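Please read these numbers as outputs of a predicted model, since none were measured by experiment. Convention: sequence-line order gives letters A, B, ...; per-chain numbering from 1.
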Amino acid sequence: MTAIEVEGVTKLWGTTRAVDDVSFRVPEGSFVVLLGPSGCGKSTTLRILAGLEEPTAGRVLIGGRDMTRAAPAERRISMVFQSYALFPHLDVRENILFGLRVRRVAREERERRLARVAELVGLAELLDRKPAQLSGGQRQRVALARAIVSEHPICLMDEPLSNLDAKLRQEMRLELRALQRRLAMTVVYVTHDQAEAMSMADRIILMRAGRIEQEGDPDALYGQPATLFAASFIGTPPMNLLALEDGPEGAVVAGSGVTVLEGPGRGRILGIRPEHVRITEEGGVPAELLATDYLGADTVISARIGDQRLGIRVPGRFRATPGTAIRLAWSPEHLHLFDARSGRRESGPAGLRGTDPAPVRIAATASKGGGS
Amino acid sequence: MRASRHLHHVYGWLLLTPAAILLLSFTHYPTVATIWQSFFSTGTALRPSSFVGLDNYRFMLEDEIFWKVVGNNLLFAAGTIPASIALALLMAVWVNGRLPGRALVRMAYFTPTVLPMIAVANIWLFFYTPEIGLLDQILRAFDLPTRNWLGDPDTVLWCIVVLAVWKEAGFFMIFYLAALQALPPELEEAARLEGASRAYYFRRVVFPLLMPTTLFVLVNAVINSFKLVDQLFILTKGGPDNASSLLLYYIYEVAFSFFDDSYAATLTVVLLAALALISLGQFLFLDRRIHYR
């Protein structure tokens, strides 16, 4: 079953296209993330789903019914706002029950639902507090409880975790996902944080400048980025993108003599994830080490091939002085090829070359290579 | 090191001095002097001022005009305070919404506040003047009986009330408007998603959140209802038969027409004490029921 269907939705602010011909489906019970940088139209799209904005063109179907012009309350959805939108003068109990009171739900029913939800999100002890007396994480839970207590099948979330500190955000991520599964809610979740999207989503809709850039499950977005934008937006650090030039034997990395694939190089861009680049002692591609960034579990090394910079992720701690000459290797199946002008992924990986077919031992003090 | 700290103190006091001088000479000294004087008789050429204890207060309690004026003032307060606050809130909600020519409407509502009361009173004189005034002209157009609005003890106080409401509502509106604009728009959106009607949202959310503003406006309205008497000078001079006289205007008359300084001081002390008590009561009583962000 499809919970939400968006068909060719466009929203104009004056002459700017905030949302530009966007279509997607949200299956029932799934967790869909609208991901993109600020100003990409993801929040506007969510507000159109909520009925807080009217689209300039296109249709929104909820539960199979056309709800494009329906009032927010008719859509049977709940929403969690980035600012939580709690009523500051009402205590937690009244904040959670606000909607039930509006809809005149009977007293016993109200109490039953309140008790269940308060238990579910861990607010049972705090029902008499005012929002100002709660921590950020607790306020977040109240907002969540208010959404859950309505028992609406669909919940929209607009960057609900962005006001929390990093540690709490990670915990809430897991909790939110577990809650969504347990209650079989359909969630449409807006965020600019790709890590959040990767960890929570069944399906990611990556947006840019009002349009859908790529849509798919987290694996597909990470493993098969459809565009340069998708490649550079997803992953920390993002995919290395190396400009290519024509060389004597095929395409070379710009500013170097390293041949990486057959055929022309000019106008194409080679992509490779930092964890797919290895450091080898012999063979491979000569590069210059620029800096190392130790992150605990791994080290991200900045290096240069020709005039193209790239990042390399190696496990453990890697010590080296900047300026050291190193050699880099990768396997052909990890390469991605993009057209520089259109930014689109090139269909076949034909002609891609690994730099060194043989597995190699790793130089320096890193304990293990970055995969083979 | 010590010298510089010393200098610091000197700077501090120098910066405070102008304000302190103004405050002392125009607020604290007159207050104390007034209280002091209320215990003395008014001196004349023959009989110099002497200490009379509470005689002035005793005289006041027997003064019929005083009671008449207090009654007038209570009616005036009852007429102006709720009406001007309600009107202010209504106008604020109205001009806070999407509205063509919003800036113009806001300005129009605020204009009465900017105009000096004397000018305002002169304008309203044209409305209230018998026969040729705007009010009577309208009544005549519908063949209704005209009346001498300001000359009739039954209507004169209400004429003053209407004028005061008109003058004050715009001023209070500005505070409500500021408070309304400080409300995060997500609150309304959250309420809309839950299916709350505009009236329900206003009653359950907006109005309680405006309570701090309401208290502030209320205190101001109460003080103004005892303070605003400029219009009386133009419109009625307190007449006819003190039907429109208010406490402060009576004090002015006692002091500057009858030249009874001590009795005027006594009335002033009573006025100040009443205002202080009312404000204190409002803050103590209402503060507990108000949610401050």
Visitor: Taking every non-hydrogen pair under 4.5 Å, which of A:Ala132, A:Pro72, A:Ala143 racks up the most with chain B?
Guide: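 So the answer, after comparing A:Ala132, A:Pro72, A:Ala143, is A:Pro72.
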Visitor: Counting only heavy atoms from other residues, nucleotides and ligands, does the tally under 6.0 Å from CD of A:Glu125 exceed 12?
Guide: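 Check fails, neighbour count at 12 or below.
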Visitor: Check whether more than 12 heavy atoms from other residues, nucleotides or ligands sit under 6.0 Å from atom CH2 of B:Trp94, and answer yes or no.
Guide: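 12 or below, so no.
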Visitor: Is it the case that the ring center of A:Phe98 lies less than 6.0 angstrom away from the ring center of B:Tyr200?
Guide: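 Yes, close enough.
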Visitor: Looking at A:Glu74, A:Lys130, A:Arg146, which one has more heavy-atom pairs under 4.5 Å with chain B than the rest?
Guide: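 Heavy-atom pair counts peak at A:Arg146.
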Visitor: Using heavy-atom distances under 4.5 Å, tell me whether A:Arg47 contacts chain B through its side chain, its backbone, both, or neither.
Guide: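 Just its side chain gets close to chain B.
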Visitor: Which atoms of A:Phe81 are under 4.5 Å from chain B, going by heavy atoms: the side chain, the backbone, both sets, or neither?
Guide: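 Only the side chain of A:Phe81 comes within 4.5 Å of chain B.
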Visitor: Just give me the residue among B:Pro208, B:Pro185, B:Ser197, B:Ala190 that pairs up with chain A most often, heavy atom to heavy atom, under 4.5 Å.
Guide: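 Of the candidates given, the most pairs with chain A belong to B:Ala190.
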Visitor: Are more than 12 heavy atoms, taken from residues, nucleotides or ligands other than A:Glu119, located less than 6.0 Å from that residue's CD atom?
Guide: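 Not more than 12 within 6.0 Å, no.
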Visitor: At a 4.5 Å cut-off on heavy atoms, which part of A:Arg101 comes close to chain B: side chain, backbone, both, or neither?
Guide: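 Contact with chain B involves both backbone and side-chain atoms of A:Arg101.
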Visitor: Assess whether a salt bridge exists between A:Arg103 and B:Glu194, defined as any Lys/Arg side-chain N lying under 4.0 Å from an Asp/Glu carboxylate O.
Guide: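 Between B:Glu194 and A:Arg103 there is a salt bridge, with a charged N closer than 4.0 Å to a carboxylate O.
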Visitor: Tell me whether A:Arg173 at atom CZ has more than 12 heavy atoms from other residues, nucleotides or ligands lying less than 6.0 Å away.
Guide: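 Counting other residues, nucleotides and ligands, CZ of A:Arg173 exceeds 12 neighbours.
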Visitor: If every non-hydrogen atom of B:Leu209 is compared with every non-hydrogen atom of A:Pro88, which pair is closest and at what distance?
Guide: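 Reported closest heavy-atom pair: CD2-CG, 3.5 Å.
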Visitor: Does any backbone or side-chain atom of A:Ala50 lie under 4.5 Å from a heavy atom of chain B? Answer side chain, backbone, both or neither.
Guide: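 Answer is both: backbone and side chain atoms of A:Ala50 are under 4.5 Å from chain B.
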Visitor: Checking A:Arg75 against B:Leu193 for the side-chain contact (heavy atoms from CB on, under 4.5 Å) test, could you report, in this order, the C-alpha distance in whole Å, the side-chain angles of both residues, the deciding distance, and whether it holds?
Guide: CA-CA 9 Å; A:Arg75 304 181 179 213; B:Leu193 279 159; over 6 Å; no
Visitor: Using non-hydrogen atoms only, which part of A:Leu86 is less than 4.5 Å away from chain B: side chain, backbone, both, or neither?
Guide: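 Backbone only.
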Visitor: Do side-chain atoms of A:His89 reach the backbone of B:Val206 as a donor and acceptor pair under 3.5 angstrom?
Guide: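 Judged by distance alone, no pair lies under 3.5 Å.
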Visitor: side-chain contact (heavy atoms from CB on, under 4.5 Å) between B:Arg204 and A:Val102: does it pass, once the steps are laid out?
Guide: CA-CA 10 Å; B:Arg204 267 292 324 266; A:Val102 171; over 6 Å; no
Visitor: Distance check, rounded to the nearest 0.5 Å: A:Glu53 atom CD versus B:Glu189 atom CD?
Guide: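 Here the interatomic distance stands at 7.5 Å.
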